[in-house]
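Remarks on the structure that follows.
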Amino acid sequence: MASFELFKSDVKITGKHARMAGEIWMLNDYEHTYMKRLIDLYILAAIVGFRVNRKAAEDHSPVDPKTIFLQQVLSAKDDLDFIMQMMYMLDKKDELGNDEAVKQAFRGPQTREEFLQWKELFNDYVRGGIEELYERLVIRKSDPDDAYYDNKTANLMNLIQRFGI
């Protein structure tokens, strides 16, 4: 039986989500970026997308993709696997029942079809999370009632208050 493991290859973010990610994370631009590494955005977007139950389909707009190289993916594999397991259990518990959802989450995908479904589920939530973060960090303008006048700081504080991160 073949083993299908997630997070064992480069990750490509494409289309409008690559553009959005490029406005949230900018390589070596510490003054304007919100994340130090693109893998950090990927992890946070997965959590945020799942937390607000926001999925987004893959977009194929002609934008240069953003790539997270295998080395960074592997360095975060334990965290990504844990997030995927929690995501799967909570997403499938009503459909499969709690016990079966837990068994399948820790067993992992067993067929190519399951592997592709798991990968799609995770990346749909990542794209939804990127959209949510983009709206809250880039599009949102600071409010006169915000405690901070700097737009970037006000948006970060608003995000922290909203999600308790």
Side-chain angles (χ1 to χ4, degrees), residues 6-93 105 115-165:
L6 296 160
F7 314 115
K8 289 279 197 147
S9 63
D10 291 351
V11 172
K12 286 207 183 300
I13 302 171
T14 60
K16 71 180 184 181
H17 300 101
R19 180 188 51 77
M20 291 175 184
E23 291 186 48
I24 298 169
W25 169 81
M26 294 162 228
L27 182 63
N28 298 324
D29 185 356
Y30 299 110
E31 185 178 334
H32 298 103
T33 194
Y34 288 93
M35 308 284 160
K36 184 176 180 181
R37 303 172 309 161
L38 186 55
I39 189 73
D40 299 329
L41 173 59
Y42 187 70
I43 292 168
L44 181 60
I47 295 167
V48 168
F50 187 73
R51 178 114 187 251
V52 300
N53 194 29
R54 185 168 180 174
K55 294 179 184 177
E58 189 172 8
D59 182 76
H60 298 286
S61 301
V63 176
D64 287 340
K66 298 286 184 213
T67 303
I68 306 169
F69 295 108
L70 179 59
Q71 182 179 354
Q72 278 195 335
V73 175
L74 289 175
S75 72
K77 186 171 180 355
D78 289 342
D79 294 331
L80 292 167
D81 284 338
F82 177 76
I83 294 165
M84 180 70 241
Q85 289 169 332
M86 295 302 111
M87 195 179 282
Y88 186 86
M89 280 188 284
L90 294 170
D91 193 71
K92 300 294 184 181
K93 69 180 173 129
F115 173 79
L116 295 174
Q117 288 172 351
W118 282 52
K119 190 174 177 179
E120 181 180 0
L121 175 71
F122 191 85
N123 287 320
D124 284 352
Y125 278 122
V126 167
R127 288 186 291 268
I130 288 172
E131 289 177 1
E132 186 76 20
L133 290 168
Y134 180 78
E135 290 166 5
R136 292 184 177 276
L137 295 174
V138 177
I139 293 177
R140 180 186 180 274
K141 299 302 175 209
S142 60
D143 191 281
D145 294 334
D146 285 340
Y148 301 91
Y149 298 108
D150 171 54
N151 203 49
K152 182 177 178 184
T153 305
N155 288 349
L156 282 170
M157 294 308 294
N158 181 273
L159 185 73
I160 289 168
Q161 289 171 350
R162 166 69 173 97
F163 295 109
I165 50 178

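With Ile83 as the partner, the side chain to side chain contact (heavy atoms under 4.5 Å, CB included) test is satisfied by one option alone out of Phe7, Tyr88, Phe122: Phe122.
Within the 4.5 Å cutoff, the side chain of Gln71 has no heavy atoms near those of the Leu74 side chain. Two residues are said to be in side-chain contact when any heavy atoms from C-beta on lie closer than 4.5 Å; Tyr125 and Asn53 meet this criterion. Side-chain contact check for Leu90 versus Phe50: some heavy-atom pair is nearer than 4.5 Å. You'll find the side chain of Leu6 reaches within 4.5 Å of the side chain of Lys119, heavy atoms only. For the pair Met84 and Leu121, the minimum side-chain heavy-atom distance is below 4.5 Å.
Put simply, OG1 on Thr14 and CZ on Arg19 are 12.5 Å apart, with the number rounded to the nearest 0.5 Å. Between the CD1 atom of Ile130 and the CZ atom of Arg54 there is a distance of 11.0 Å, given to the nearest 0.5 Å. In this structure, CD on Gln72 lies 10.5 Å from CG on Asp10, to the nearest 0.5 angstrom.
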Hey, can you pull the donor-acceptor pairs under 3.5 Å for the side chains in residues 36-46, sequence neighbours left out?
residue	atom	partner	partner atom	Å
Arg37	NE	Asp40	OD1	3.4
Arg37	NE	Asp40	OD2	3.2
Arg37	NH2	Asp40	OD1	2.7
Asp40	OD2	Arg37	N	3.3
Tyr42	OH	Asn123	OD1	2.9

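Around the NZ atom of Lys55, the shell of radius 6.0 Å holds more than 12 heavy atoms that belong to other residues, nucleotides or ligands.
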Worksheet item: Taking it one step at a time, do Asp78 and Phe82 satisfy side-chain contact (heavy atoms from CB on, under 4.5 Å)?
Response: CA-CA 6 Å; Asp78 289 342; Phe82 177 76; over 6 Å; no

Fill in: Stepwise salt bridge (charged side-chain N to carboxylate O under 4.0 Å, His left out) test for Glu131 and Arg127
CA-CA 6 Å; Glu131 289 177 1; Arg127 288 186 291 268; over 6 Å; no

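Between Ala105 and Gln85, the shortest heavy-atom contact is O-CG, 3.4 Å. Closest heavy-atom contact between Met35 and Trp25: O-CD1, 3.2 Å. What you find for His17 and Ala57 is that their closest heavy atoms are CE1-O, 3.4 Å. For the residue pair Pro65 and Ala18, the shortest heavy atom distance occurs at CA-CB, 4.0 Å. In this structure, Ile24 and Thr33 approach most closely via the heavy-atom pair O-OG1, 3.3 Å.
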